[in-house]
Amino acid sequence: MAQSRVATLEGNELADDYVRTHVPKGRWADTWNVFKSNFVRMVIINVFTLLFFVPGIVVVYFRTVYIAQMGMSYPFSSNALFIYPLTPSMQSVPQGIVLTADLLFYSLLIVAGFIASIGVSGACYSIKKLINTHGEFSLKGYFHGIKVCYLNVVFPVTVFMFFIFSSFCISDWAALQISKGYSQAGPITAQVFIIMATVIVGIAAMWVLAVGVSYKVKFKYLIKNSFVLLFGTILQTLFMVGFSLLPVWILLLGEALAFFKIIGYAIFLFFGFSFIILCWLAYTQWVFDMYITPAVKTEEEARKAKLTPKQLAAEKEEEEKSVARELLAAGRSELVGRPMRPIDGGTEVKEVGVAYGRADIVRVAEDRQKIRGEVDEYYEEHKKDTRYVEYEKLFAEREKALTTEGKKGKKKKLSRNNLLTK
């Protein structure tokens, strides 16, 4: 069912500067091999991607600083016995401060998502290239990925960031309503629904991102195919999302144990983003290959795809020369072009009877040696005969065409046809 619905993706792979080659092992064994054998490249990709996350990190940092400063400036812990005039009730004020801060800073985080999408698009394309070529990477390819994938990446990232913004703000609003003593049912229900919606949209956004960095299709087909693949592999998707976010789970464990927080930050600093993207794109590539015929080429086809038109023309000409040489060699016959002594005349090898001795064997060997000498002698005497000279000259002229130039010093266009005909 899914195979027929995603037919629009077939033949539209986004691989502008590389060619997919056959997976030498299983998908997961190959992915593990890509990770361990290209770890330094994964770190480089992670560091470049992290640079584009700096604006978002700055926004989160200033949000924390803003809330801390507001907490210090408000008299939350004032003592009514020593402070005059008396301060009003501080009930629900902290929740109001957090809501105000989140409305401001998380809206800026949506804008920071536009910048983060630059790094995500470059990282996704580069890691997809690593997966499909088993280790090919360059910084030029990273920035090429930004150029060709940015629009397909910024859309799901922006939608997801909007739901993140809504999730925090509705959760803050719920806390504010509850702190004021209002009914808890409505706020808690709204909070549960927005969290569920954010999770669902996040998973869908990951599929849109995977399809967007893998195929060149129109926007409506991008969305349609993403949802078809999501619902067609819902259980596998949930498992792989959980596994791909392993660095996030380690970081969250840091809320309980500081040791895990240190490990989590170290992982994200060196290869956290790369690990998440590698796991997710390897899984989605596995799904694509199940439903879509992959445009896989042999190593030789992949090598030729990287050559310039000039290099291809030179290689083709060399192939033509090679074929021509083989045909010329096959066309030349020693029976015609080499003087051969007639069978009649000369030394004859006498037959050996049923009963023979060592003397008979020696005699036969001597006769054979005489015949070889007579053959060589006949060749030396007749090798300059006209018919043999003209025969060799015919092939010599055609062989010379493989290396000589035409009139006015221009290189001849060589082929197997014009080498074998006058």
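Only this structure's heavy atoms are used, side chains among them; waters, hydrogens and symmetry mates stay out.
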Val287 versus Ile292: any side-chain heavy-atom pair under 4.5 Å?
-> no

Do you know which two heavy atoms are closest between Thr31 and Ala282, and how far apart they sit?
-> OG1-CB, 3.4 Å

Here the pair of heavy atoms bringing Ile110 nearest to Phe114 is O-CD1, 3.4 Å

Side-chain (Ser121) to main-chain (Ile118) donor-acceptor, under 3.5 angstrom | yes

What about the rings of Tyr215 and Tyr221, do their centers lie closer together than 6.0 Å?
-> no

Drop me the distance from Ser126's OG to Ile45's CD1, to the nearest 0.5 angstrom.
-> 4.5 Å

Answer yes or no: does atom CZ of Phe239 have more than 12 heavy-atom neighbours from other residues, nucleotides or ligands under 6.0 Å?
-> no

Please list all pairs passing the side-chain hydrogen bond (donor to acceptor under 3.5 Å, both in side chains) test where one or both residues lie in residues 104-119, with sequence neighbours left out.
-> none

Could you tell me the separation between the OH atom of Tyr265 and the CG atom of Leu269, rounded to the nearest 0.5 Å?
-> 11.5 Å

Find out whether Phe271 and Phe35 are in side-chain contact, i.e. whether some heavy atom of one side chain is under 4.5 Å from a heavy atom of the other.
-> yes

So CD1 of Ile195 and CZ of Phe168: to nearest 0.5 Å the spacing works out to 9.0 Å

Heavy atoms of Phe163 and Ile194 approach each other most closely as CD2-CD1, 4.3 Å

Hey, does Ser274 have a side-chain heavy atom less than 4.5 Å from the side chain of Val43?
-> no

Between Phe268 and Ile276, is any pair of side-chain heavy atoms under 4.5 Å apart?
-> yes

With side chains defined as the heavy atoms from C-beta onward, is the minimum distance between Phe243 and Cys279 less than 4.5 Å?
-> yes

Go through Arg368 and Arg372 one step at a time and tell me if the side-chain contact (heavy atoms from CB on, under 4.5 Å) criterion holds.
-> CA-CA 6 Å; Arg368 286 181 176 177; Arg372 290 193 187 97; 4.3 Å; yes

Would you find a donor on one side and an acceptor on the other, under 3.5 Å apart, between the side chain of Thr189 and the backbone of Ala185?
-> yes

Residues in ring pair (Phe, Tyr, Trp, His ring centres under 6.0 Å) with Phe52, at least two apart?
-> none

Enclosure of Phe105 CZ (heavy-atom neighbours >12, cutoff 6.0 Å) | yes

State, yes or no, whether a side-chain contact exists between Pro55 and Ile115 at a heavy-atom distance under 4.5 Å.
-> yes

Side-chain donor or acceptor of Trp207 paired with backbone N/O of Phe227 under 3.5 Å | no

Any chance you could measure Met42, atom CE, to Thr49, atom OG1, to the nearest 0.5 Å?
-> 10.0 Å

Could you walk me through whether Tyr142 and Phe137 pass the ring pair (Phe, Tyr, Trp, His ring centres under 6.0 Å) test, one step at a time?
-> CA-CA 8 Å; Tyr142 182 93; Phe137 169 76; 7.3 Å; no

Would you say the side chains of Lys180 and Gln95 form a donor-acceptor pair under 3.5 Å?
-> no

In this structure, OG1 of Thr284 is separated from CG of Leu281 (nearest 0.5 Å) by 5.0 Å

Could I get the full list of side-chain hydrogen bond (donor to acceptor under 3.5 Å, both in side chains) partners for Asp172, not counting sequence neighbours?
-> none

Cys149 and Leu14, any side-chain heavy atoms less than 4.5 Å apart = yes

Under the criterion side-chain contact (heavy atoms from CB on, under 4.5 Å), which of Thr133, Asn132, Ile131 is the partner of Lys129?
-> Thr133

Once the angle between the rings of Trp28 and Tyr283 is folded into 0 to 90°, is it parallel (under 30°), tilted (30 to 60°) or perpendicular (over 60°)?
-> parallel

Can you list the steps and then say if Tyr66 with Leu104 is a side-chain contact (heavy atoms from CB on, under 4.5 Å)?
-> CA-CA 11 Å; Tyr66 175 81; Leu104 171 63; 5.6 Å; no

Locate the shortest heavy-atom distance separating Ala101 from Ile67; write the atom from each residue and the value.
-> CB-CG1, 3.8 Å

Answer yes or no: are there more than 12 heavy-atom neighbours, outside Phe162 itself, under 6.0 Å from its atom CZ?
-> no

Verdict with supporting geometry, Val375 and Tyr378, side-chain contact (heavy atoms from CB on, under 4.5 Å) = CA-CA 5 Å; Val375 169; Tyr378 185 88; 5.8 Å; no

What closest approach, in Å, do Pro187 and Trp173 show between heavy atoms, and which atom pair accounts for it?
-> CA-CZ3, 3.7 Å

What pair of heavy atoms forms the shortest contact from Cys124 to Leu209, and how long is it?
-> SG-CD2, 3.4 Å

Can you list the steps and then say if Asn152 with Val208 is a side-chain contact (heavy atoms from CB on, under 4.5 Å)?
-> CA-CA 8 Å; Asn152 289 341; Val208 173; over 6 Å; no

Taking atom CZ of Phe53 as the centre, report whether more than 12 heavy atoms of other residues, nucleotides or ligands fall under 6.0 Å from it.
-> yes

If we only count heavy atoms from C-beta on, is the Leu9 to Val217 side-chain gap below 4.5 Å?
-> yes

Kindly say whether Gly141 contributes a backbone atom to a donor-acceptor pair with the side chain of Ser138 at under 3.5 angstrom?
-> yes

Answer yes or no: is there a donor N or O on one side and an acceptor on the other, between the side chain of Asn38 and the main chain of Val34, under 3.5 Å?
-> yes

Rounded distance [0.5 Å steps], CE in Met196 versus OG1 in Thr198 = 10.5 Å

